[in-house]
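The structure appears below as structure tokens.
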Amino acid sequence: MLIKPKGTYDLYGLDAKLYEYITACIQDFMEDYHYEFIRTPIFEDRNLYHRSVGDASDMVVKETYDFIDRGGRNITLRPEGTAGVVRALIENKLYGNRNDVLKYYYLGTMYRYERPQAGRYRELTQFGVEVFNSDDVLIDAEVISLGYNLLKELGLENFTVHLNSLGDEKTRENYTAALKKYLKPHLKDLCADCQTRYEKNPLRILDCKVDKDQTIMQNLPNILDYLSAESKSKFNKLKELLTMLDVDYEVDNHLVRGLDYYDYHVWEYISDDDGLALGAGGRYNTLVEKLDGPHLPAIGFGLGLDRIMLALKKILPTSEIPQNVDAYIMCVNEEEKIYGIKLAQDLRLNHVKTEINSNNLSLKSQFKVADSLNSKFLLILNSEDLKKGLINVKDNATKEEMKIDENEIVDFLISNI
Ligand code: HAM
């Protein structure tokens, strides 16, 4: 038997319903926030990730799915969405009108060769938001609260926004120097990965999971003490705005994020139950330029839909995602079935959610199926009544039975569902 690749899963049944519920909710929500949908390819030129996410990041070094296509091109399955959206922005010159603040959202699968475990997959689905051409801290507050409010809208309560500022370039230069000075005498006590990070990407030592309990890590210099005056004033304003917008956040000065493109504000939506990040994001004011575009400040985040589904499943009784239809068409013989399939089409095209017996089920079994679908109405076809142009209808709530003229059945159901 063939089996699915490690770190992937099939989505069906109630889980698929939950996924549909989440994506429908996201689409409604993003319309109210007035963000535009964007779709970019699932695979891109490998260089895009080297130049954006970063050569020294774990994601690019250890986690990408790379292959050479039949034309000899170096291709990578996207591990995240930001780089592709930035590439699309530049390639299609979406920034044509330089006064516009461009607000995009996307939804799609990403691929990371990670060690699979609860909430960590090799094929994952992200919902993401990217906003370009505004460096106003009001946008930071809008974007962070958007993710926060969306998680609430989906029904999640137990999570907190962890927030930090990495400041501007000068801040990070000063802080990196202080951090390296502090860590130098302790270098041999750090894990092998952190010893490499010390040279290549020292900030990443801050959120090392292996070394986190060591005493040296408890007394690290605090990046917030190194913020430039401008970075500090932005961070303070952001915190005030988030409080005003009722966003539940806590400052976490060890939060640095694993992708190289961030500056200023970074944050994660952390589940209080298991500590997993439901989503994360940050500002990235220099990435568009680094990828040969104009100077366009930007900010965004990604939410992990797989993790959101796991969190929702813990709190939603399965009965809250009911299977239900408006009408179930019961038919036994060939004549009834052929009539039924036409009737089903008419109803469906008029937005009456309809199911029909498409098997050789007995009437008794069809009643059971209709019950399992919580059908509001049963349309019980029989050849004799059909000859007179009549359809037997049973209202499943009141148990009332009636015969409705076939020319009136669509209107009858529309006005009664
Ligand atoms: P990220 O932190 O790498 O950021 O991923 C965002 C979210 O995707 C995570 O918080 C998590 O919920 C989910 N996620 C990541 N890896 C996995 C996995 N292996 N299995 C399941 N879920 C996962 C980014 O991807 C950035 N592009 C976010 C961003 C957008 N920053 C600016 N704009």
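- Taking the ring centre of Tyr198 as origin, the terminal cationic atom of Lys180 falls inside the region bounded by 6.0 Å and 45° from the ring axis.
- Side-chain atoms of Tyr284 and Thr82 form no donor-acceptor pair, as typed in the model, at a separation below 3.5 Å.
- Of the residues listed (Asp100, Asn133, Leu102), the one engaging Tyr95 in a side chain to side chain contact (heavy atoms under 4.5 Å, CB included) is Leu102, and it is the only one.
- Checked options Phe159, Tyr269, Trp267, Tyr249; the residue passing with Tyr148 is Phe159 (criterion: ring pair (Phe, Tyr, Trp, His ring centres under 6.0 Å)).
- Applying the salt bridge (charged side-chain N to carboxylate O under 4.0 Å, His left out) rule to Arg172 yields no partners; only residues at least two apart in sequence or on another chain are considered.
- Of all the heavy atoms in Leu378 and Phe367, the pair that sits closest is CD1-CE2, 3.4 Å.
- In terms of heavy atoms, Leu166 sits closest to Val256 at CD1-O, 3.9 Å.
- Taking the six-membered ring for Trp and the full ring otherwise, Tyr105 and Phe37 have centroids separated by under 6.0 Å.
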Between Tyr328 and Gln366, is the side-chain contact (heavy atoms from CB on, under 4.5 Å) condition met? List the steps. CA-CA 9 Å; Tyr328 184 83; Gln366 292 185 46; 4.1 Å; yes
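- Around the NZ atom of Lys232, the shell of radius 6.0 Å holds no more than 12 heavy atoms that belong to other residues, nucleotides or ligands.
- Of the listed residues (Leu163, Asp207, Ile270, Val266), just one forms a side chain to side chain contact (heavy atoms under 4.5 Å, CB included) with Leu255, and that residue is Val266.
- Considering every non-hydrogen atom in both Glu44 and Gly84, the closest pair reads OE2-CA, 3.7 Å.
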